[in-house]
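In what follows, a single structure is set out as structure tokens and then discussed.
Sequence lines set the chain letters: A, B, ... in the order given, protein chains first and strands last, and positions in each chain run from 1.
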Amino acid sequence: MRTSQYLLSTQKETPAEAEVISHQLMIRAGMIRKLASGLYTWLPSGLKVLNKVAAIVREEMDKAGAVEVLMPVVQPADLWEESGRWEEYGPELLRVKDRHSRDFVLGPTHEEVITALVRNEISSYKQLPINLYQIQTKFRDEVRPRFGIMRGREFTMKDAYSFHLDEESLAATYEKMYTAYSAIFTRLGLDFRAVIADSGAIGGSVSHEFHVLAASGEDDIAFSTESDYAANVEMAPAAKPETAASPSGETGETLAVKGETVSELAASAALSEAQMLRVTLVQGHQEEESSAESWVALVLRADHALNDVKAEKLPGVAVPLVKASDEKAKAILGCAAQFADATNLPVTTFVDYSAAAMADFVTGAGESGKLKTFANWSRVPEQADIRNVVAGDPSPDGQGVLEIKRGIEVGHIFQLGDKYSKAMNCGVLSESGKHQLLTMGCYGIGVSRIVAAAIEQNHDKFGVIWPDPIAPFKVALIPMNMHKSQRIKETAEALYDKLTGMGIDVLFDDRKERPGVMFNDMELIGIPHSIVIGERNLDNQQIEYKHRRTGEKQLLDIDAAADFIAAL
RNA sequence: CGGUGAGUGGCGCAGUUUGGUAGCGCACUUGGUUUGGGUCCAAGGGGUCGCAGGUUCAAAUCCUGUCUCACCGACCA
């Protein structure tokens, strides 16, 4: 491709709205343009990357025995009513009406459509198992789209759905997908981890997320320093301390403190948050007959964070978790939650294991602006694991301690079971001639998100540094002052033809620009390799090669250049 | 949905407090200059100041309403 015939659209200035580096660079390098919140146009070089990612995903899926289909973006509402998700899904599901006032949705995912398809197309156990996938546009009306393409409302996703007669078959395909996903992210050249996303009460892990490690990630992942244990922080269990501290017997005193938040209180009284308790009030289940609200108090060490997923599993706690407003907390506790006496609360109370193991701690004195010191549990409280693990906690598998890193979720594989096949009556005739419901797995990859994640992990102050497999172009051909020098023009044109003829993706910068402009643009776009043709080296029948990532330069004989590039 | 902030040529911004000819940088066009790291000079084109209403002789500026966008919290690939 020649830049003169291409849409390069690079820009010097960083748009004000772009917060994360991938978003900034995608706009500056001319990969995407925003149309509306969470909606982006893919410009040529962005699209080339997206297509390369999709091609790798497709190859590996095919290799793993999955079969490609393509389902509509617009889906009839009755399928969603059948699965129960018309009500269940919430406002993220964009609903539209057609000209006959019939309800449709813009597909955020395709379980309903694929289940309806399989229900009609597959009728015998002999056709199973089967794994169908597509690479297609999804629409989710996100509450808050952000970070550019990373969390857009419209995005490209690879979604696969497998159908099985039994759990063993499901587990086998799940395993295949796990392997395929690892192969995909390895080929993409990304530093990734597969993490446990749910080690549910059912036993065994039935879900894994694949995360690309990056400081800007939205998820916290806990790793063992010793073993290969890795889990989303939401899911990692915090161990119960083996021994509880014992009270010193010292008499506490009441402290007057200033501030609103617990950390302000701690600072004002020169206390460590690790010796303080934090009370959070959440909604309980409402009684069927009465509309009376019930509330549950959760007590943690003040330096620990409440884990919503764990809290939702407590008996009597409403799902999803609803935290009490300040006014509500005051009405129930008699004072703001941060001044409530955690050892003596008027509602059902769950104390986190590590908080329960404390002694001589600081908690509220039951009135505004007052804390009390050397407090202790008067009786053994109801305990549970309700906090997020922190770095240094013992690893749940007993090996080493945990370390926390940020990750960007780019893939998720899940053993679904019969949720959809049951609701939509999707089954086959078994060997014994009986109707049998199918069990399902589903496997997603955020194809467009991978593009952003790859940049988060691969950039420097000059711009993007694409891993070779997904670079929009493999090599940039940069002639110095081609418009003045006939022999540079001839050399560049000849090399361009040769490289193109070899099937190499080359971007030939034939603009009448100064060298600096070309260098900067090619680096910003992130082309992994470049060749500079200048008078200086041409006298020796040589050209210069430069590696984007390392900055390494070397001179090549003109005749050997094409083969050198091809071999990279 | 809650909290904060912002809407002025394609992009980044100033101007708004104290109403009075709409400005700067980048980008774009033309001419010249320069030529291995975003040259320099000159001339130019391009803006209903988010939208609607109001106040006023006069509104980017004041008032009211409204829409959009970004950032921080609960969901997700």
Side-chain angles (χ1 to χ4, degrees), chain A residues 8-20 23-24 27-28 30 33-39 53 57 89-93 108-110 135-160 181 197 209-212 218-219 232 234 282 306 308-309 311-312 319-323 325-326 407-414 442-453 462-463 478-485 488 512-524 530 532-538 543-544 546 553:
Chain A
L8 214 49
S9 288
T10 54
Q11 56 191 51
K12 276 191 208 172
E13 275 165 308
T14 306
E17 67 185 38
E19 197 70 8
V20 294
H23 188 193
Q24 293 172 359
I27 292 173
R28 288 225 294 134
R33 289 291 180 261
K34 187 175 75 177
L35 181 63
S37 180
L39 302 175
V53 173
V57 171
Y89 211 93
E92 213 166 273
L93 180 64
T109 174
H110 282 71
I135 295 175
Q136 190 244 23
T137 299
K138 296 281 182 279
F139 191 92
R140 293 185 189 170
D141 201 357
E142 290 283 343
V143 185
R144 185 152 92 80
R146 67 189 118 162
F147 305 151
I149 225 74
M150 191 102 84
R151 180 185 293 276
R153 290 195 287 179
E154 194 178 291
F155 58 97
T156 304
M157 179 171 166
K158 186 286 299 175
D159 47 328
Y181 274 38
E209 292 169 353
F210 287 77
H211 285 260
V212 167
E218 294 187 84
D219 292 280
N232 195 306
E234 287 179 345
V282 300
L306 177 65
D308 291 9
V309 174
E312 285 173 358
V319 178
L321 205 65
V322 178
K323 289 175 188 162
S325 65
D326 290 351
I408 300 166
E409 188 186 350
V410 289
H412 198 163
I413 57 177
F414 207 90
C442 71
Y443 320 93
I445 288 183
V447 176
S448 45
R449 181 179 282 180
I450 284 174
V451 177
F462 301 111
I478 309 174
M480 300 287 90
N481 305 309
M482 183 172 79
H483 298 269
K484 278 200 166 169
S485 162
I488 285 178
K512 194 178 173 184
E513 283 290 356
R514 290 171 56 81
V517 174
M518 298 190 195
F519 290 139
N520 281 308
D521 274 348
M522 296 304 120
E523 280 163 8
L524 175 59
S530 57
V532 182
I533 303 173
E535 291 284 354
R536 196 198 277 173
N537 298 312
L538 221 48
I543 54 179
E544 183 184 290
K546 187 175 178 190
K553 293 178 184 174

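- Here the options are A/Lys34, A/Met150, A/Glu17, the test is side-chain contact (heavy atoms from CB on, under 4.5 Å), and the partner is A/His23; only A/Glu17 passes.
- The partner of B/rC24, taking Watson-Crick or G-U wobble pairs whose two distances both stay under 3.5 Å, is B/rG12.
- Across B/rG12, B/rC69, B/rG37, the shortest atom-to-atom separation from the side chain of A/Phe519 is found for B/rG37.
- The residue A/Glu209 sits apart from the nucleic acid: no heavy atom pair falls under 4.0 Å.
- Here A/Asn537 lies in heavy-atom contact (under 4.0 Å) with a base.
- A/Lys546 comes within 4.0 angstrom of a nucleotide base, judged by non-hydrogen atoms across all strands.
- Within the 4.0 angstrom heavy-atom criterion, only backbone atoms of the sugar-phosphate kind lie near A/Gly516; the bases stay farther away.
- Counting atom types as modelled, A/Glu513 pairs no side-chain N or O with a base atom of B/rG38 as donor and acceptor under 3.5 Å.
- In summary, A/Glu218 and A/Arg151 engage in a salt bridge, as defined by a charged side-chain N under 4.0 Å from a carboxylate O.
- The phosphate of B/rC76 (OP1 or OP2) has no side-chain N or O of A/Arg140 nearer than 4.0 angstrom.
- Base engagement by A/Lys484 is indicated by at least one non-hydrogen atom pair under 4.0 Å involving a base atom.
- Separation of the C1' atoms belonging to B/rC76 and B/rG37 is 43 Å when rounded to the nearest angstrom.
- Regarding A/Glu142, its CD atom lies at a distance of 14 Å from the P atom of B/rG73, rounded to whole Å.
- Base pairing analysis places B/rU64 opposite B/rA52; the two distances defining the Watson-Crick or G-U wobble pair are each below 3.5 Å.
- Among the heavy atoms of the strands lying under 4.0 Å from A/Val532 is at least one base atom, whether or not backbone atoms are also near.
- Looking at heavy-atom distances under 4.0 Å, A/Val143 makes contact with a base.
- For A/Asn481 and B/rU34, the CG to P distance is 12 Å, given to the nearest whole Å.
- Interface remark: the A/Arg144 side chain does not form any donor-acceptor pair with the B/rC75 base, using a distance-only criterion of under 3.5 Å.
- Within the 4.0 angstrom heavy-atom criterion, base atoms lie near A/Gly534.
- Within 3.5 Å, a donor on the side chain of A/Arg151 pairs with an acceptor on the base of B/rC75, or the reverse.
- Residue A/Glu523 is classed as a base contact, given a heavy-atom separation below 4.0 Å to a base.
- As judged by a 4.0 angstrom heavy-atom cut-off over every strand, A/Asp521 is placed among the base-contacting residues.
- Taking CD from A/Glu544 and NZ from A/Lys553, the interatomic distance works out to 5.0 Å, rounded to the nearest 0.5 Å.
- At the heavy-atom level, A/Pro479 lies nowhere under 4.0 Å from the strands shown.
- For A/Gln11 and B/rG12, a side-chain-to-base donor-acceptor distance below 3.5 Å is absent, hydrogens and geometry of angles not being considered.
- Judged by Watson-Crick or G-U wobble contacts below 3.5 Å, the nucleotide B/rC69 has B/rG5 as its partner.
- Base pairing of B/rU33 is not made with any nucleotide, judged by Watson-Crick or G-U wobble geometry with both donor-acceptor distances under 3.5 Å.
- The pair A/Arg140-A/Glu154 does not meet the salt-bridge criterion, since no charged nitrogen lies less than 4.0 angstrom from a carboxylate oxygen.
- A/Gly152 comes within contact range of at least one nucleobase, with a heavy-atom separation under 4.0 Å.
- Nucleic acid contact class of A/Asn232 (heavy atoms, under 4.0 Å, all strands): none.
- Remark: the backbone N or O of A/Asp521 is not paired with any side-chain donor or acceptor of A/Thr10 at under 3.5 angstrom.
- Between A/Thr14 and the phosphate of B/rC11, there is no side-chain N or O to OP1/OP2 separation shorter than 4.0 Å.
- Salt-bridge formation is detected for the pair A/Lys546/A/Glu523: a Lys NZ or Arg NE/NH1/NH2 atom is positioned less than 4.0 Å from an Asp or Glu carboxylate oxygen.
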